[in-house]
Each structure stands twice: as C-alpha cells, then as structure tokens.
Amino acid sequence: DVKVTQSSRYLVKRTGEKVFLECVQDMDHENMFWYRQDPGLGLRLIYFSYDVKMKEKGDIPEGYSVSREKKERFSLILESASTNQTSMYLCASSLSGGSHYEQYFGPGTRLTVT
Amino acid sequence: SQKIEQNSEALNIQEGKTATLTCNYTNYSPAYLQWYRQDPGRGPVFLLLIRENEKEKRKERLKVTFDTTLKQSLFHITASQPADSATYLCALRGTGGFKTIFGAGTRLFVKA
C-alpha cells in the first residue's frame, strides 16, 4: 500500500511566521504535489515536483516555496504566513510516465494563521 | 479557462437506491477522467479512471460514464449504503504535462 504521510494534522501559526509542511511517501514515486483545498474551490495546485531538486509552479504559487532534496520528501514552505493562507493543505504523489496514473494523497494538514 | 462543475448541493438518498453524481467540464479536452472519494478531514482516495475512448467503466458497485461530446461524466453507486456517504471529486488529465484539474466535489449522504 502506498503511504503518504504529512508532518502535522493541525497547525496554528501567527501572521508573519515561516511555516514548514513536510510530506513523505514510501512508494518511490517520482511525482509529488502540494495542493490547498478550500470550501467550494476544490483542490488547487501550488507546486509540483517530478524529480529530486526539480519543481514546477502550479496555479497558485505566490507566497509559497518548495524543497525536494530527497525523492521521498517534499516540503512546502510559507515564507511569511498570512491569514489568507489558512486552509487544508494536501500532499500527493504519483508514478510518472503516464497521465493516467492516479495520485495518492496524504491525510492533510489543516493550517490556521491568526 | 478550464472549468469543472460538480453539483455543490449535497445529494441525499435512501439506502439501497442508486446515487448518480455529475461532473461537467468546459474549455478542456481531457484524455483521462478520474473519480476520488474524500471523507471529512482526510485526503482524497482514488476510485476509478476512465479514458476518453471508453464510454463506461465499472468496478463492483461503481459505474462511470464519459461523454466527450456532452463534456460530462456520470458517477453511479448502485445499492448505496450509509458507508458510501462522503464527498466525491471528479478530476481531469490531459495526455501531457503534470496537471490534474479537480472539481470541488459533491457531498453524498446515504440514509439508512
């Protein structure tokens, strides 16, 4: 079974803090993703990585950065947290080589910025 | 811009009936369409994939149709059970690139 784990289920941070969200997958997947999920808006892609040290911007990268130093780990960084970044953050991974491959999601981190 | 529409209103049905959820899309020609299930406070879980050249796909009590002319997919759960209560997300992929577009999901409640 593919397992995607995220470092925290719930997180409360103050405005202006630097926030790190960690994601680890154990199935040797090449692709990893960070999404945020807000009511009525669906999942929106923040960043994507298709290999170690490689990254691509998604639809809403502003205010975020990512790091992928090891294949199994993909980190999302909020450089200076703001209240509009309060959301559910979901990490996912998938195989590469075919667009039909499904994504495996972690349990999510509910981040509140006060 | 590319857009996916799923019914934002919750669907309430009686146990044993067939639940039908709709996914409509515009300004996109997906090669693959996926359905995911999401329980409250959890990440989505993949259920089914259907390709653009397939009209219908089945898996146990689940059935998905894909009409590229109507730009619509229907997701059916037959003999529904209270355990089927969840949010169901539709997702589209093209043949290239990495991007999957997700709908906002439809909440399904199955009453015993």
Side-chain angles (χ1 to χ4, degrees), chain A residues 1-6 8-10 21 23 25 27 29-51 54-61 74 87-111, chain B residues 1-10 21 23-54 57 59 62 64 66 86-107:
Chain A
D1 263 1
V2 176
K3 194 169 182 183
V4 180
T5 56
Q6 295 183 227
S8 306
R9 293 298 307 273
Y10 301 94
L21 302 183
C23 175
Q25 51 95 3
M27 280 301 290
H29 283 173
E30 294 85 3
N31 299 337
M32 295 188 76
F33 309 81
W34 275 107
Y35 294 90
R36 64 177 283 176
Q37 186 176 31
D38 300 288
L41 294 180
L43 277 72
R44 291 181 291 167
L45 182 64
I46 303 171
Y47 266 99
F48 159 75
S49 169
Y50 54 90
D51 201 351
M54 306 305 290
K55 62 185 179 185
E56 294 279 349
K57 292 180 180 179
D59 295 319
I60 50 167
F74 192 33
S87 186
M88 170 71 99
Y89 289 88
L90 289 160
C91 174
S93 72
S94 76
L95 291 168
S96 68
S99 295
H100 59 286
Y101 289 122
E102 67 267 30
Q103 295 184 26
Y104 294 85
F105 284 85
T109 296
R110 184 161 295 282
L111 173 67
Chain B
S1 62
Q2 300 158 348
K3 195 173 179 183
I4 299 180
E5 289 184 351
Q6 294 187 256
N7 195 338
S8 58
E9 290 185 15
L21 286 71
C23 173
N24 295 298
Y25 59 93
T26 55
N27 297 322
Y28 199 58
S29 295
Y32 307 96
L33 190 146
Q34 301 174 342
W35 283 88
Y36 289 78
R37 169 185 171 137
Q38 186 174 23
D39 291 287
R42 301 285 184 180
V45 175
F46 171 77
L47 296 174
L48 273 173
L49 174 142
I50 186 167
R51 291 171 166 79
E52 61 178 336
N53 59 355
E54 296 176 318
K57 198 81 167 281
K59 180 182 176 184
L62 308 180
V64 173
F66 192 8
T87 297
Y88 292 86
L89 308 177
C90 166
L92 306 178
R93 282 292 297 272
T95 52
F98 56 85
K99 193 172 175 184
T100 299
I101 303 171
F102 285 86
T106 298
R107 189 85 168 89

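Proteins come first, then strands; the chains are lettered A, B, ... in the order of their sequence lines, and each starts at number 1.
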Taken to the nearest 0.5 Å, the spacing of B/Phe46 CZ from A/Tyr101 OH works out to 12.0 Å
Separation between CD1 (B/Ile4) and CG (A/Leu43), nearest 0.5 Å, reads 10.5 Å
More than 12 foreign heavy atoms under 6.0 Å from CZ of B/Arg42: is that the case here?
no
**Item:** CZ/B/Arg107: more than 12 non-hydrogen atoms of other groups inside 6.0 Å
**Value:** yes
With chain B, the option among A/Leu41, A/Leu45, A/Asp59, A/Asn31 that has the most non-hydrogen atom pairs under 4.5 Å is A/Asp59
Turns out that what part of B/Gln38 lies under 4.5 Å from chain A's heavy atoms comes down to side chain
When the 4.5 angstrom heavy-atom criterion is applied to B/Leu33 and chain A, the contacting part is neither
Ignoring hydrogens and angles, tell me if any N or O in the side chain of B/Tyr36 forms a donor-acceptor pair with the backbone of A/Gln103 under 3.5 Å. yes
Hey, is the main chain of B/Gly41 close enough, under 3.5 Å, to the side chain of A/Arg9 for a donor-acceptor pair?
-> yes
Close side-chain approach of A/Tyr35 to B/Thr100, heavy-atom, < 4.5 Å | yes
Assert top hit (heavy-atom pairs under 4.5 Å, partner chain A, pool B/Pro44, B/Gly43, B/Ala104, B/Ala31) equals B/Pro44
Okay, A/Asp38 and chain B: the region with an atom under 4.5 Å from a heavy atom over there is neither
Turns out that what part of A/Tyr50 lies under 4.5 Å from chain B's heavy atoms comes down to neither
